[in-house]
Amino acid sequence: MKKLFKLILNTIPRPLLIRLSYVARPIIAFSLRGTNFTDPIDGKSFKSMLPYGYETQRNNVLSPSTLSLERHRLLWLYLNEETDFFKSELVSDSSFTNTKRIKLRDAETNSALKVLHFAPEQAFYKLFRNQKNLDYTTTDLFSPLADVKADICNLPFEDNQYDVILCNHVLEHIPDDTKAMQELYRVLKPGGMAILQIPQDLSRATTFADDSITDQKERAKIFGQYDHVRIYGRDYFDKLRSIGFRVIEEDYTNKIAPELVEKYCLAKGEIIPVCFK
């Protein structure tokens, strides 16, 4: 199965893959139902998760029901437990950390959060779209799920527009990531929150890039995916700070019980870059 999934990922264009997955997902989810692992996004459990990876395949990482990966489930847990993203009011503390949730809404108006979501994932698309307390906009150059077709380096949005920006594993595809970060900062409201997840090698002090590598197979071997242009190191957080963001390096799996990290198939030690303007 690992070889089959690797072949599919590397040969079928991503927009077509998204459309085909709507047909295959219910069948695969039904065949893998069980009790070993749980997707916290929809609460469904399976005997195993699916493998995933363009170059090196990871076992037990792709949810058969929501098609979420480790990073998506971690993000969902963080938004649900540590913020009022899904809630009109801060009705309780986080069950994981016993701290007050981050308040994103105006206390007086309690208006819907204006959310800008780049390259929207199927795991979140319907969930966020149906959330009545979100004013939800998706954007991407190619995704069939995008409301607005746009270049992240030249966004067609006014300054200070969005309360929340979600940009999950996009910046590693962008040659001029500095310009992209500046655009994200520009359209975020003062006091707003941006979660800018990237694949990151925390053993590297500095980010690695080499524009001379143009062969797709060589790129996949070195960068982990044929359309990645860099490997981010620990300096990623300071680059965000240089743009103007206040950055919290949230090691959230360390706040979750180890048995739940395993049950939810999370990547232990993954850092969530939580950024504020």
Under the criterion side-chain contact (heavy atoms from CB on, under 4.5 Å), I'd like the reasoning laid out for D39 against R73: C-alpha separation, chi angles, the key distance, then a yes or no.
CA-CA 7 Å; D39 184 340; R73 296 186 289 276; 3.8 Å; yes
Would you find a donor on one side and an acceptor on the other, under 3.5 Å apart, between the side chain of [X] and the backbone of [Y]?
{"X": "R71", "Y": "I198", "value": "no"}
{"X": "N130", "Y": "K126", "value": "yes"}
{"X": "R33", "Y": "K44", "value": "no"}
{"X": "N60", "Y": "S48", "value": "no"}
{"X": "R234", "Y": "Q200", "value": "no"}
{"X": "K149", "Y": "S143", "value": "yes"}
{"X": "D84", "Y": "L104", "value": "yes"}
{"X": "H173", "Y": "V170", "value": "no"}
{"X": "T38", "Y": "S45", "value": "no"}
{"X": "E121", "Y": "S68", "value": "no"}

Mind checking the [atom1]-[atom2] spacing from [X] to [Y]? Nearest 0.5 Å is all I need.
{"X": "N59", "Y": "L50", "atom1": "CG", "atom2": "CG", "value": "10.5 Å"}
{"X": "H228", "Y": "R219", "atom1": "NE2", "atom2": "CZ", "value": "10.5 Å"}
{"X": "Y78", "Y": "K255", "atom1": "OH", "atom2": "NZ", "value": "7.0 Å"}
{"X": "T253", "Y": "E262", "atom1": "OG1", "atom2": "CD", "value": "13.0 Å"}
{"X": "S63", "Y": "D42", "atom1": "OG", "atom2": "CG", "value": "5.5 Å"}
{"X": "Y232", "Y": "F237", "atom1": "OH", "atom2": "CZ", "value": "11.5 Å"}

Determine the minimum heavy-atom distance between [X] and [Y], stating which atoms define it.
{"X": "L266", "Y": "L74", "result": "CD2-N, 3.8 Å"}
{"X": "L62", "Y": "M49", "result": "O-CB, 3.6 Å"}
{"X": "K277", "Y": "L188", "result": "NZ-O, 2.8 Å"}
{"X": "Q131", "Y": "N133", "result": "CG-OD1, 2.8 Å"}
{"X": "A180", "Y": "I174", "result": "CB-CG2, 4.2 Å"}
{"X": "R58", "Y": "L69", "result": "NH2-CD2, 4.0 Å"}

Please tell me if the side chains of [X] and [Y] come closer than 4.5 Å, counting only heavy atoms from C-beta onward.
{"X": "D163", "Y": "V115", "result": "no"}
{"X": "R186", "Y": "L155", "result": "yes"}
{"X": "E249", "Y": "V274", "result": "no"}
{"X": "Q225", "Y": "E172", "result": "no"}
{"X": "L116", "Y": "T139", "result": "yes"}
{"X": "F245", "Y": "L196", "result": "yes"}
{"X": "V148", "Y": "P156", "result": "yes"}
{"X": "E218", "Y": "K221", "result": "yes"}

Shared hydrophobic cluster for [X] and [Y] (ILVMFWY, side-chain gaps under 4.5 Å):
{"X": "L166", "Y": "L171", "answer": "no"}
{"X": "F118", "Y": "L75", "answer": "no"}
{"X": "Y226", "Y": "I231", "answer": "no"}
{"X": "M193", "Y": "V187", "answer": "no"}
{"X": "V164", "Y": "V247", "answer": "no"}

Evaluate C275 against I243 for side-chain contact (heavy atoms from CB on, under 4.5 Å), listing each step before the verdict.
CA-CA 11 Å; C275 308; I243 301 298; over 6 Å; no
Return yes if a side-chain donor-acceptor contact under 3.5 Å exists between [X] and [Y], otherwise no.
{"X": "T207", "Y": "D235", "value": "yes"}
{"X": "N154", "Y": "D151", "value": "no"}
{"X": "E82", "Y": "Y252", "value": "yes"}
{"X": "T138", "Y": "D147", "value": "yes"}
{"X": "N36", "Y": "K263", "value": "no"}
{"X": "K239", "Y": "T178", "value": "yes"}

Tell me whether D238 at atom CG has more than 12 heavy atoms from other residues, nucleotides or ligands lying less than 6.0 Å away.
yes
With a 6.0 Å cut-off (strictly less than), is the heavy-atom count around CD of E259, excluding the residue itself, greater than 12?
yes
Please walk me through it: do D176 and K179 pass salt bridge (charged side-chain N to carboxylate O under 4.0 Å, His left out)?
CA-CA 6 Å; D176 190 353; K179 178 60 176 173; over 6 Å; no
Only one of R129, H117, K114 passes side-chain hydrogen bond (donor to acceptor under 3.5 Å, both in side chains) with Y136; say which it is.
H117
Between F85 and F128, is the gap from one ring center to the other below 6.0 Å?
yes
Step-by-step side-chain contact (heavy atoms from CB on, under 4.5 Å) determination, D201 to F208:
CA-CA 10 Å; D201 182 354; F208 171 74; over 6 Å; no
Taking it one step at a time, do L240 and Y185 satisfy side-chain contact (heavy atoms from CB on, under 4.5 Å)?
CA-CA 9 Å; L240 291 171; Y185 187 83; over 6 Å; no
